[in-house]
Number of protein chains: 2
Amino acid sequence: MSGDTNLKVPTKTRRSASGDTTDRLRRAILDGQYPVGSLLPPERTLSETFGVSRLTLRSAIAHLETEGLLRPQQGAGTRVLDYRTSAGVDLLGDLLGLSLSRGSLPAELLGDLLELRRMLAVEVLGLAAERGAPEEHRALREHLLHQTSLVGDAEAYVEADLKMARMLVCASHNVALELLSNSLARVLVAAPSLAPAFLVNADGTLAAYARLLALVESGDGMRVRKEARCLLEELDEDTLERVRALAPATPAKTTQHLGGTA
Amino acid sequence: MSGDTNLKVPTKTRRSASGDTTDRLRRAILDGQYPVGSLLPPERTLSETFGVSRLTLRSAIAHLETEGLLRPQQGAGTRVLDYRTSAGVDLLGDLLGLSLSRGSLPAELLGDLLELRRMLAVEVLGLAAERGAPEEHRALREHLLHQTSLVGDAEAYVEADLKMARMLVCASHNVALELLSNSLARVLVAAPSLAPAFLVNADGTLAAYARLLALVESGDGMRVRKEARCLLEELDEDTLERVRALAPATPAKTTQHLGGTA
DNA sequence: CACCACTCATTGGTAGTACCAATAGCGCGC
DNA sequence: GCGCGCTATTGGTACTACCAATGAGTGGTG
């Protein structure tokens with residue numbers, strides 16, 4: 001290989017070459033560097049372009065194939081697909097992260113994601129009300145108290161929030177929802193820069209949780225859905241506002257300070 | 001294991017060794033052969049166990065990692081995760097396929113999947129009513145006519161049905177929903193044995209589509225949602241019935257009385 | 001004896017190479 | 001002109017060697 005940058009800087013953020021290559025290739029594709037419908041350059045060429053071994057490059061291609069961005073075909077080549085018609089939910093996190101890393105604010109995309117999460121949450125709450133066992137309801141209430149006691153600690157709070165979501169989904173007794181919930185959770189952790197926006201809503205969120213939980217315990221699924229739809233819509237609107245308030249061109253260091261807006 | 005006679009037989013179903021290994025490993029994991037929380041045997045050992053090169057084995061591991069079944073860690077080993085808390089939606093297709101290949105009928109899992117699809121469809125229809133442009137509504141109606149003319153041709157019909165779903169999701173103007181729809185479509189194509197069940201409902205489905213489309217054109221999102229919820233619930237119930245009727249695939253001794261679980 | 005630092009075998013990660021298999025395009029022969 | 005087959009191209013698999021991170025075992029030190 002070209003001996004240009006063989007001296008890899010031992011940055012602490014030593015990400016795996018494979019994952020790194022995956023991100024670079026994905027970005028190149030989404031940026032339109034390799035147009036949709038066209039053939040990717042051969043692996044042997046691309047591996048040189050990216051300065052990695054063909055093996056690593058293949059690993060990246062395989063990853064993007066499962067994401068739905070590429071479709072390799074032996075003997076023919078690797079075709080670039082249209083992510084809007086081929087990619088799965090997993091790509092959402094990458095799209096968000098990509099927009100953020102470019103400085104642009106994916107308010108629209110984030111809005112869509114929140115909308116999706118909201119409509120799922122509404123149904124999960126409804127199902128949890130209709131199917132959740134009393135002990136599950138009790139556990140939820142207990143956990144809500146626990147979460148309330150963590151409003152100070154950011155990390156612990158978001159962790160508790162994720163667990164709350166998991167418990168709710170679990171109470172809905174639907175495996176498909178459970179797996180989908182996992183996928184969405186992954187999307188959120190893939191774009192950690194957005195976490196603060198969810199955090200400042202803690203008070204409102206907890207209040208909404210308390211109200212919804214009471215409804216869930218009542219067992220009236222339809223009523224839960226109706227109220228949840230309104231409550232969560234408000235919450236998400238709030239969240240979006242706060243996200244928009246984040247300066248558009250704040251790549252790295254200037255984040256994490258949202259306390260003043262609360 | 002490798003004593004199988006089909007060593008290099010160029011069978012038409014010549015699946016890639018990589019994908020094949022992935023399926024075998026996933027099955028072994030889901031079967032509990034490698035308990036959740038434990039460490040997978042080292043790659044060099046597993047590659048011998050499966051009779052493939054370490055490279056192929058690694059490819060399989062990487063795939064299952066993105067699915068959320070494994071978490072390799074350099075120097076430590078590869079840990080087996082609990083798919084219910086770690087796997088994403090993509091695993092749904094594999095779970096369905098796995099159950100089918102074992103002869104058992106995943107009626108419960110399929111019910112969950114249909115429920116998920118239903119709740120998404122309800123919202124998609126509502127959004128399409130509220131946000132869809134008139135030309136999109138018109139295109140939908142046109143496509144419905146086209147699809148109606150294909151009730152005879154199975155393959156063309158399901159393709160048209162998928163396109164209908166895609167058009168609807170597109171009219172909802174939500175990218176996140178679009179990607180999720182792609183994921184679910186993948187799940188369904190991963191379990192093609194279920195296609196017939198969806199097919200026999202063609203008449204009822206088309207009738208429901210026509211009614212819902214009219215409502216979508218009216219623009220009354222909430223009313224669409226309400227009606228869609230009922231209509232689709234009926235349709236899915238019907239579909240599940242028919243799937244349960246497909247049971248006699250394996251004349252098992254133990255009665256497959258799956259109908260009494262309601 | 002308890003504790004700490006160091007060593008080193010284990011294990012996943014990457015690189016290089018060679019070869020197999022499928023595809024597509026070109027050219028030869030009919 | 002048409003069809004058949006050859007071949008260059010490209011993805012798929014295998015083997016090997018080495019790097020990097022982990023963690024347990026080992027020896028030294030208080």
Side-chain angles (χ1 to χ4, degrees), chain A residues 1-25 29 34 37-67 69-81, chain B residues 1-2 4 6-25 29 34 37-67 69-81:
Chain A
M1 308 305 298
S2 53
D4 45 4
T5 58
N6 276 349
L7 302 178
K8 308 194 173 179
V9 282
T11 66
K12 291 183 215 175
T13 60
R14 165 62 176 161
R15 313 188 42 195
S16 73
S18 186
D20 202 43
T21 306
T22 303
D23 290 340
R24 284 203 289 163
L25 181 54
I29 292 174
Y34 303 109
S38 69
L39 284 176
L40 221 59
E43 297 183 348
R44 291 162 178 83
T45 306
L46 262 187
S47 63
E48 273 196 29
T49 304
F50 283 99
V52 295
S53 80
R54 189 182 160 211
L55 185 66
T56 305
L57 193 270
R58 274 185 58 77
S59 163
I61 288 183
H63 203 100
L64 296 183
E65 179 191 4
T66 72
E67 278 189 5
L69 284 179
L70 296 174
R71 187 183 41 175
Q73 191 178 8
Q74 188 174 195
T78 301
R79 197 160 293 277
V80 179
L81 304 179
Chain B
M1 303 283 180
S2 56
D4 243 24
N6 52 352
L7 290 172
K8 293 294 175 70
V9 176
T11 65
K12 284 183 277 189
T13 60
R14 165 62 176 162
R15 312 189 43 195
S16 73
S18 185
D20 203 44
T21 305
T22 303
D23 290 340
R24 284 203 290 162
L25 181 55
I29 292 174
Y34 303 110
S38 70
L39 284 175
L40 221 59
E43 297 183 349
R44 291 161 177 83
T45 306
L46 262 187
S47 63
E48 272 195 30
T49 303
F50 283 98
V52 295
S53 80
R54 190 185 159 209
L55 184 65
T56 306
L57 193 270
R58 275 184 58 77
S59 163
I61 288 182
H63 203 100
L64 296 184
E65 180 192 3
T66 72
E67 278 189 4
L69 283 179
L70 296 175
R71 186 183 39 172
Q73 191 179 7
Q74 187 174 196
T78 301
R79 198 161 290 278
V80 179
L81 304 179

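Below, chain A is the first sequence line, B the second, and so on; all start at residue 1. FYI, side chains are in, hydrogens and waters are out, and symmetry mates aren't considered; it's all heavy atoms of this structure.
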B:Leu46 atom CG is separated from C:dG13 atom P, nearest whole Å, by 13 Å
Nucleotide of C:dG13, D:dT13, C:dA15 approaching B:Pro72 most closely (side-chain heavy atoms): C:dG13
Check the distance between D:dG12's C1' and A:Arg54's CZ and give it to me in whole angstrom. 7 Å
For the student: nearest non-hydrogen atoms of A:Ser59 and A:Ser18, plus distance: OG-OG, 2.5 Å
Categorize B:Ser59 for me: base, sugar-phosphate, or nothing, with a 4.0 angstrom heavy-atom threshold over every strand shown. nothing
Please state how far atom CZ in B:Arg58 lies from atom P in C:dA15, giving the value in whole angstrom units. 11 Å
Over all atoms of both residues, closest heavy-atom pair of A:Ile61 and A:Pro72: CG2-CG, 4.1 Å
Nearest heavy-atom approach of A:Tyr34 to A:Val80 is O-CG1, 3.6 Å
Distance, rounded to the nearest Å, where B:Gln73 contributes CD and C:dG13 contributes P: 9 Å
Side-chain-base donor-acceptor pair under 3.5 Å for A:Arg71 and D:dG11: no
Nearest-neighbour nucleotide for the B:Ser18 side chain, D:dT13, C:dG12, C:dT14 considered: D:dT13
B:Ser53 side chain N/O closer than 4.0 Å to the phosphate oxygens (OP1, OP2) of D:dC15? no
What nucleotide, of D:dA14, C:dA24, D:dG23, holds the atom closest to the side chain of B:Ala76? D:dG23
Side-chain atoms of B:Arg44 come closest, of D:dA14, D:dT10, C:dG12, to C:dG12
Write down the distance between CG (B:Leu55) and P (C:dG13), rounded to a whole number of angstrom. 13 Å
Here the distance between atom C1' of C:dA15 and atom CG of A:Asp20, to the nearest Å, is 16 Å
Closest non-hydrogen atoms of A:Leu39 and A:Gly77, given as atom of the first, atom of the second and distance, are CD2-C, 4.1 Å
Starting at CD1 of B:Ile29, measure out to CG of B:Leu70 and round the result to the nearest 0.5 Å. 4.0 Å
How many Å lie between CD on A:Glu48 and P on C:dG16, as a whole number? 10 Å
Could you state the atom-to-atom distance from CD of A:Gln74 to C1' of D:dA8 in whole Å? 15 Å
